[in-house]
J.: 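Before anything else, here's the structure in question.
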Amino acid sequence: MTKKVSENKEKKEIENKIDINSIKEELNKHLKEQKEEIIKELNSKIENQIEFNITKRLKDEEKRIMRGKTGKIIRRDIIIIILLAIVGYFGYCLYDVDYFNIRTKIVEAPKEPSNDKQNDEDNNNEPVVDIKPDSSYYIENFGYLVNRLNIVDESIFSLYQENVALEDLNNELILKIAYKNLPKNTINIDNNMITFSSENIQETAKNIFGEDIIIQDEMFSYNNIKFMYYNETYIGLKEEETKVGFLSKIIDAQEKNNALTFEIIVAKLSPENKLLNNLDQVIIEDYQNEDLASIKEKLNIYSITFENINDNYIFKNIELK
């Protein structure tokens, strides 16, 4: 018992020596200071993080806007360059044709007064020379009119009789000539099958024989090809051509009274290479591409006339001279 009282006494003395409240107060003060410092530091870090994020976001947005502006500027510049090129091109075209008379200024020379009345009258009475194209001009520029009649078919010899007018041509011969002159883009060839429309062959025939020509759609042959007509379409199987032996040469051409007339030599070459006239008489036993004009007196000469109707030369007739 005495010992326990003694321990309590010592404990009380120790507590009296140590001020517990003071220590608690100091500890609370220290903790408060630490808390404020920690909060301050946290606030600073949070503010810095927010500022960093905002700055980064603003920079990203600025880059995006700048990229958009750059793209628009580039597109605008390209459009401006294209428009300048177009304006420059048309400006050059106008300059090239001298649309505004920039390069050429026509200045009319002043007329000198004439004291010689007789000389003036003589000058006014000078005949005007009418320069007409020669034969070679018509042959070179309009020889195709004759060539489109010369089909690669035996019927070509029926075309060159004594006299053949437009109204004498039979329907099949007209179809053959029209087929020979069909534009290439109107003919379809697939696995040796040839097809073309009735509309195209009718249009081609009218271009050669005039708008008044009447054509009946029917079966016809051209060389070894036989064409059937069905459902406004011609159908034929491609075959190897047979040599016809028709020879011709244009030797003269002239235009008169709105009509263009050609003189043409016609001959026939036999399989044995003999040159024949229209009566199948032998003119040359072994023909070696001699000029037909050099032996024209032994051959037949025809005149072929085309009328100029609305700036288009239409076949009129063939006559034996």
Side-chain angles (χ1 to χ4, degrees), residues 139 141-161 163-250 260-262 264-269 271 278 300 302-319:
I139 294 174
N141 292 280
F142 297 95
Y144 70 90
L145 295 171
V146 175
N147 292 332
R148 66 186 185 182
L149 296 176
N150 295 336
I151 57 177
V152 186
D153 187 272
E154 288 291 338
S155 298
I156 184 65
F157 296 105
S158 66
L159 187 63
Y160 291 94
Q161 300 297 325
N163 293 298
V164 176
L166 176 58
E167 55 270 19
D168 298 325
L169 301 181
N170 60 52
N171 192 72
E172 185 177 13
L173 184 55
I174 293 174
L175 286 171
K176 291 182 180 186
I177 295 173
Y179 168 71
K180 190 235 181 184
N181 293 278
L182 276 174
K184 299 299 182 183
N185 60 354
T186 64
I187 302 175
N188 297 317
I189 301 177
D190 186 13
N191 293 329
N192 289 330
M193 179 174 287
I194 305 172
T195 59
F196 53 88
S197 70
S198 169
E199 180 183 1
N200 287 329
I201 201 168
Q202 293 270 351
E203 183 179 350
T204 303
K206 288 181 179 181
N207 186 48
I208 299 172
F209 301 108
E211 292 292 330
D212 296 333
I213 193 70
I214 298 176
I215 310 170
Q216 298 296 328
D217 286 311
E218 62 180 4
M219 181 178 67
F220 74 95
S221 64
Y222 186 89
N223 205 293
N224 291 326
I225 306 174
K226 292 180 173 59
F227 288 102
M228 303 291 295
Y229 176 72
Y230 175 74
N231 196 21
E232 299 183 354
T233 301
Y234 283 91
I235 305 171
L237 292 177
K238 189 174 183 181
E239 300 287 348
E240 185 177 354
E241 287 188 349
T242 299
K243 291 183 179 180
V244 176
F246 175 80
L247 299 177
S248 66
K249 182 176 182 178
I250 303 173
L260 183 55
T261 301
F262 295 89
I264 174 175
I265 302 173
V266 173
K268 183 177 182 180
L269 187 64
N278 67 326
N300 302 103
Y302 294 86
S303 64
I304 307 178
T305 302
F306 298 87
E307 286 186 308
N308 189 342
I309 301 176
N310 297 326
D311 294 328
N312 185 30
Y313 286 97
I314 302 301
F315 171 78
K316 181 182 179 182
N317 59 27
I318 299 177
E319 294 180 345

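Atoms considered below: every heavy atom in the structure, side chains included; atoms not considered: hydrogens, waters and symmetry mates. Positions are given from 1 along the sequence.
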J.: What class does the angle between the rings of Phe315 and Phe306 fall in, given that below 30° is parallel, 30 to 60° is tilted and above 60° is perpendicular?
T.: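 Perpendicular.
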J.: Just verifying a value: how many Å separate Asp168 CG and Leu159 CG, rounded to the nearest 0.5 Å?
T.: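 With rounding to 0.5 Å, CG (Asp168) is 10.5 Å from CG (Leu159).
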J.: Quick one: which of Ile304, Leu169, Asn317, Leu173 gives a side chain to side chain contact (heavy atoms under 4.5 Å, CB included) with Val164?
T.: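 Exactly one option meets the side chain to side chain contact (heavy atoms under 4.5 Å, CB included) with Val164, and it is Leu169.
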J.: To the closest 0.5 Å, what do you measure between CG (Asn278) and CD (Gln161)?
T.: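 Spacing of CG (Asn278) from CD (Gln161) equals 8.0 Å.
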J.: Check whether the side chains of Thr242 and Asn224 place a donor and an acceptor atom closer than 3.5 Å, and report yes or no.
T.: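 A pair is found: one side chain offers a donor N or O, the other an acceptor, under 3.5 Å apart.
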J.: For Asn170, I'd like to know if atom CG has over 12 heavy atoms of other residues, nucleotides or ligands within 6.0 Å.
T.: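 For Asn170, atom CG is crowded (more than 12 foreign heavy atoms under 6.0 Å).
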J.: Tell me if the CG atom of Asp212 is crowded by more than 12 foreign heavy atoms within 6.0 Å.
T.: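 Result for CG/Asp212: open.
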J.: Heavy atoms only: give me the nearest Ser221-Asp153 pair and the separation to one decimal.
T.: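 Minimum heavy-atom separation between Ser221 and Asp153: O-OD2, 4.1 Å.
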J.: Are the side chains of Ile151 and Tyr179 in contact, using a 4.5 Å heavy-atom criterion?
T.: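 No, their side chains stay 4.5 Å or more apart.
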J.: Residues two or more places apart in sequence or in another chain: which of them pass salt bridge (Lys or Arg N to Asp or Glu O under 4.0 Å) with Glu203?
T.: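 For Glu203 there are no salt bridge (Lys or Arg N to Asp or Glu O under 4.0 Å) partners, ignoring immediate neighbours.
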J.: For Tyr160, check ring-ring contact (aromatic ring centres under 6.0 Å, His included) against everything at least two apart and list the hits.
T.: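 Partners of Tyr160 by the ring-ring contact (aromatic ring centres under 6.0 Å, His included) criterion, ordered by chain and then number, come out as Phe246, Tyr302.
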J.: Does Asn147 have any side chain to side chain contact (heavy atoms under 4.5 Å, CB included) partners at least two apart in sequence or in another chain, and if so, which?
T.: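 Residues passing side chain to side chain contact (heavy atoms under 4.5 Å, CB included) with Asn147: Asn150.
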J.: Quick one: CG on Leu166 to CD1 on Ile318, what's the gap to the nearest 0.5 Å?
T.: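 The CD1 atom of Ile318 is 10.5 Å from CG of Leu166, to the nearest 0.5 Å.
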J.: Side-chain polar contacts of residues 230-240 - donor-acceptor pairs under 3.5 angstrom, sequence neighbours left out - could you list them?
T.:
from	atom 1	to	atom 2	distance (Å)
Thr233	OG1	Asn231	O	3.4
Tyr234	OH	Asp217	OD1	2.8
Tyr234	OH	Glu218	N	3.2

J.: Do you know which two heavy atoms are closest between Phe196 and Thr186, and how far apart they sit?
T.: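 What the structure gives for the nearest pair is CB-O, 3.6 Å.
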J.: Hey, mind stepping through Phe227 and Ile194 against side-chain contact (heavy atoms from CB on, under 4.5 Å) and telling me if it holds?
T.: CA-CA 9 Å; Phe227 288 102; Ile194 305 172; 4.0 Å; yes
J.: Sequence neighbours left out, what passes side chain to side chain contact (heavy atoms under 4.5 Å, CB included) with Ile215? Give chain and number order.
T.: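 Partners of Ile215 under the side chain to side chain contact (heavy atoms under 4.5 Å, CB included) test: Asn171, Ile174, Leu175, Gln202, Ala205, Ile213.
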J.: Going from CD1 on Ile201 to CG on Asn181, what distance comes out if it is rounded to the nearest 0.5 angstrom?
T.: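 If we round to the nearest 0.5 Å, Ile201:CD1 and Asn181:CG are 10.0 Å apart.
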J.: So how far is it from Ile139 CD1 to Ile250 CD1, rounded to the nearest 0.5 Å?
T.: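 Reported value, rounded in 0.5 Å steps: 6.0 Å.
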J.: Quick one: does Asn223's side chain have a donor or acceptor within less than 3.5 Å of a partner on Val152's backbone?
T.: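 Such a contact is found between Asn223 side chain and Val152 backbone.
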J.: Who are the salt bridge (Lys or Arg N to Asp or Glu O under 4.0 Å) partners of Lys268, not counting sequence neighbours?
T.: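 For Lys268 there are no salt bridge (Lys or Arg N to Asp or Glu O under 4.0 Å) partners, ignoring immediate neighbours.
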J.: Go through the steps for Asn207 and Asn312 under the test side-chain contact (heavy atoms from CB on, under 4.5 Å), then give the verdict.
T.: CA-CA 8 Å; Asn207 186 48; Asn312 185 30; 3.4 Å; yes
J.: Where do Ser198 and Tyr229 come nearest, in terms of heavy atoms and distance?
T.: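 That closest heavy-atom pairing would be CB-CE1, 3.8 Å.
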J.: Which value, rounded to the nearest 0.5 Å, describes the distance between Lys180 atom NZ and Tyr222 atom OH?
T.: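 One finds 6.0 Å between NZ of Lys180 and OH of Tyr222.
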